[in-house]
2 protein chains.
Amino acid sequence: MHATLRDANPELTPSVEDYLKVIYHLSNQGGFAATSDIAAMLDVAPPSVSGMVKRLSETGLIEHVPYRGVQLTAQGRRAALRMIRRHRLLELYLTQQLGYDWGSVHAEAERLEHAVSDELIDRMARALGDPQYDPHGDPIPTAAGEIEEAELVSLADVSVGTKLELRQVGTQDPARLRYFAEQGLTPGVLLTITDRQPFNGPTTIGLVPSGDPRVVGRELALLLWCREVPITDHGYASR
Amino acid sequence: MHATLRDANPELTPSVEDYLKVIYHLSNQGGFAATSDIAAMLDVAPPSVSGMVKRLSETGLIEHVPYRGVQLTAQGRRAALRMIRRHRLLELYLTQQLGYDWGSVHAEAERLEHAVSDELIDRMARALGDPQYDPHGDPIPTAAGEIEEAELVSLADVSVGTKLELRQVGTQDPARLRYFAEQGLTPGVLLTITDRQPFNGPTTIGLVPSGDPRVVGRELALLLWCREVPITDHGYASR
DNA sequence: TTGAAAGTTTAGTGTAGTCTAATGTTGACG
DNA sequence: CGTCAACATTAGACTACACTAAACTTTCAA
């Protein structure tokens, strides 16, 4: 039984693994990941993405709808979750066992995740007591490729002072999507609620770590779905 | 301060790092490393080596005498020793901190050595107490790029009665490594030669201090590299 | 409804690495 | 001392990945 991740994932190049990981993050809620977004996150030119997209669809890791974007197949998703498991466990291991501080651990994990074996990752997990969450509060996928889906709350429903990670923007309206993007309110962003006026008045958000304020009315706040972020002494470094 | 290894070694590809490492090992006593030997050790075709040799000489990492072989430049040697330091410290860390057994660490270290940062390696070294030898008994180059040159003799070449410290097992073959380990023939062990049959016959070893005998054929004896121990003293026990 | 901006893909090039097949060089031995 | 086997190199092709420039779609707004 038991298609293991190793079985599912014969030999992917580091580059391919990176693409799968960002496609996973970009197509979080079942949507499409856009070429230009992938390019921006990997810091490559858009045509490089088009080229890779072609290769990845040929090997069955993603599905491509021209001019629309890409989605992971089941196989691609397994491979992506394997990388995310590696990344999060490496970050945890480096901070807890080797004294790394939270700010510098990301780059190290980013390189190591392509080189470690499943055995090493499992040994590290065991050494850490098989943790379920990384220090950001993000769930660590299991060796079998399962991940706990975060419970999302609307920004309109949380109390002042709560720290949040924006996870989804609950609209398809292009005008609103654009507006949110202009405000820097895109999935992945960290924020806190600094103020809320009574009688369904506007909510003031503070972006983390810049502290820049954003004011949104209740109608818009209802569209912003967030995950509550546990407070750590490490702050909110990048993932 | 002072030229660090990092300074000396901007960005080498994993492939280049592998070439430098095997060239180091093949040109141990100042000789030339032959194209075909490099090809055999890296499991690539000889023309691939010729191509790489061209690139490496252009970047000043090796010197090439056509139809003779190659030698490392000072810069190439520094880069090679940096990789060897990484490899040996990784092997040690994996065995001591994560429960790997000696037979299986090699492959893992082989991949990781290209991905770890100098900082991580130094942290691992510190966690291990800045060890001088790896699990095979090989000396670990310092962060500054110095390596202890050990004068080792093969067990097949020393005369009966000589007192020896086993320092190095000259094979990567897991089956043989396991066999030697089962026999108690691991680096650091003290032994004497109690008997040797003529005509390339087997050698009988006496372990110190237990006196337990071990019999090894000439082929295996050739793999056991030892340091001659002048007087019995302490300090060879554990690593 | 149309046209321009934004975004995507194609076309063509470059680099690092691999390979096989063909050619060149060296050195050992008859 | 010449020949031939062993070894090394060149020649030429292939893959994966990147890039720029140009062409093609889609979207949005006047």
Side-chain angles (χ1 to χ4, degrees), chain A residues 9-23 26-27 31-71 76 79 110-111 114-115 171-182 186, chain B residues 9-23 26-27 31-71 76 79 110-111 114:
Chain A
N9 212 4
E11 270 129 49
L12 304 181
T13 64
S15 184
V16 164
E17 291 172 338
D18 283 337
Y19 273 88
L20 294 177
K21 223 174 45 163
V22 319
I23 291 167
L26 286 172
S27 57
F32 286 91
T35 299
S36 53
D37 291 344
I38 298 170
M41 291 201 42
L42 289 172
D43 197 27
V44 297
S48 306
V49 176
S50 289
M52 179 60 89
V53 157
K54 199 162 138 205
R55 272 168 257 136
L56 293 182
S57 1
E58 277 162 6
T59 53
L61 290 161
I62 63 173
E63 257 158 54
H64 180 215
V65 180
Y67 291 96
R68 237 201 183 66
V70 300
Q71 273 181 315
E110 200 68 24
R111 273 176 288 105
H114 304 295
T171 181
Q172 306 284 19
D173 175 13
R176 285 181 163 165
L177 286 172
R178 202 173 335 107
Y179 173 76
F180 283 131
E182 279 162 11
T186 54
Chain B
N9 211 3
E11 271 130 48
L12 305 180
T13 64
S15 184
V16 165
E17 291 172 338
D18 282 338
Y19 274 88
L20 294 177
K21 222 176 44 163
V22 318
I23 291 167
L26 286 172
S27 57
F32 286 91
T35 298
S36 53
D37 291 345
I38 299 171
M41 289 202 40
L42 289 171
D43 198 26
V44 297
S48 306
V49 176
S50 288
M52 179 62 87
V53 158
K54 198 162 138 204
R55 272 167 256 139
L56 294 182
S57 1
E58 278 162 5
T59 54
L61 290 161
I62 63 173
E63 256 159 53
H64 180 214
V65 180
Y67 291 96
R68 258 221 166 54
V70 299
Q71 273 181 317
E110 200 68 27
R111 272 176 287 106
H114 305 294

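Hydrogens, waters and symmetry mates play no part in the numbers below; they use all other heavy atoms, side chains included. Chain A is the first sequence line, chain B the second, and so forth, proteins listed ahead of strands; every chain is numbered from 1.
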For [X] and [N], what is the distance between atoms [atom1] and [atom2] respectively, to the nearest whole Å?
| X | N | atom1 | atom2 | result |
| --- | --- | --- | --- | --- |
| E58(A) | dC17(D) | CD | C1' | 14 Å |
| M52(A) | dT8(C) | CE | P | 17 Å |
| F32(A) | dG7(C) | CZ | P | 18 Å |
| D18(B) | dA16(C) | CG | P | 17 Å |
| H114(A) | dA16(D) | NE2 | P | 18 Å |
| E11(A) | dA16(D) | CD | P | 13 Å |
| E17(A) | dC17(D) | CD | C1' | 15 Å |
| L20(B) | dG17(C) | CG | P | 11 Å |

Euclidean distance, [Y] [atom2] relative to [X] [atom1], rounded to 0.5 Å:
| X | Y | atom1 | atom2 | answer |
| --- | --- | --- | --- | --- |
| I62(B) | R55(B) | CD1 | CZ | 10.5 Å |
| H64(B) | E58(B) | NE2 | CD | 12.0 Å |
| K21(A) | L42(A) | NZ | CG | 9.0 Å |

Inset, instruction - Give a yes or no on this: more than 12 heavy atoms of other residues, nucleotides or ligands lie within 6.0 Å of atom CD of E63(A). - result: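 Counting neighbours around CD of E63(A), 12 or fewer heavy atoms of other residues, nucleotides or ligands fall under 6.0 Å, so no.
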Inset, instruction - Start with the C-alpha distance between S27(B) and V70(B), add both sets of side-chain angles, then the distance that settles side chain to side chain contact (heavy atoms under 4.5 Å, CB included), and finish with yes or no. - result: CA-CA 8 Å; S27(B) 57; V70(B) 299; over 6 Å; no
Ignoring backbone atoms, test whether [X] places a side-chain nitrogen or oxygen under 4.0 Å from the OP1 or OP2 oxygen of [N].
| X | N | result |
| --- | --- | --- |
| S48(A) | dC19(D) | yes |
| H64(B) | dT9(D) | yes |
| T13(B) | dG17(C) | yes |

Of the candidate nucleotides [options], which contains the atom at the shortest distance from the side chain of [X]?
| X | options | answer |
| --- | --- | --- |
| Y19(B) | dT18(C), dT9(C), dA18(D) | dT18(C) |
| R55(B) | dC19(C), dC19(D), dG17(C) | dG17(C) |
| Y67(B) | dT26(C), dT9(C), dG17(C) | dT26(C) |
| S15(B) | dT10(C), dG17(C), dC19(C) | dG17(C) |

Inset, instruction - Run the numbers on H114(A) and L12(A) for side chain to side chain contact (heavy atoms under 4.5 Å, CB included), then give the verdict. - result: CA-CA 9 Å; H114(A) 304 295; L12(A) 304 181; over 6 Å; no
For nucleotides 1-6 of chain C, give me every protein contact, N/O to N/O, under 3.5 Å, one pair per line with atom names.
none

Legend entry - All side chain to side chain contact (heavy atoms under 4.5 Å, CB included) counterparts of F32(A), not counting sequence neighbours: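 F32(A) satisfies side chain to side chain contact (heavy atoms under 4.5 Å, CB included) with V65(A), R68(A), Q71(A) only.
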Inset, instruction - In sequence, state the C-alpha distance, the side-chain angles, and the governing distance for I23(B) and L61(B), and then conclude on side chain to side chain contact (heavy atoms under 4.5 Å, CB included). - result: CA-CA 11 Å; I23(B) 291 167; L61(B) 290 161; over 6 Å; no
Inset, instruction - By nearest nucleotide on DNA chain D, pick out whichever of R68(A) and P47(B) is the more 5' one. - result: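 The residue closer to the strand's 5' end, by nearest nucleotide, is P47(B).
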Inset, instruction - Would you jot down, in residue-number order, the residues of residues 33-46 of chain B having a non-hydrogen atom under 4.0 Å from DNA chain D? - result: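 Correct list: A34(B), T35(B), S36(B), P46(B).
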Legend entry - Heavy-atom donor-acceptor pair, S48(B) side chain to V44(B) backbone, under 3.5 Å: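 No, the answer is negative, given that no donor and acceptor are paired below the 3.5 Å cut-off.
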Inset, instruction - Kindly indicate, with the supporting measurements, whether the criterion side chain to side chain contact (heavy atoms under 4.5 Å, CB included) is fulfilled by M52(B) and V16(B). - result: CA-CA 8 Å; M52(B) 179 62 87; V16(B) 165; 4.0 Å; yes
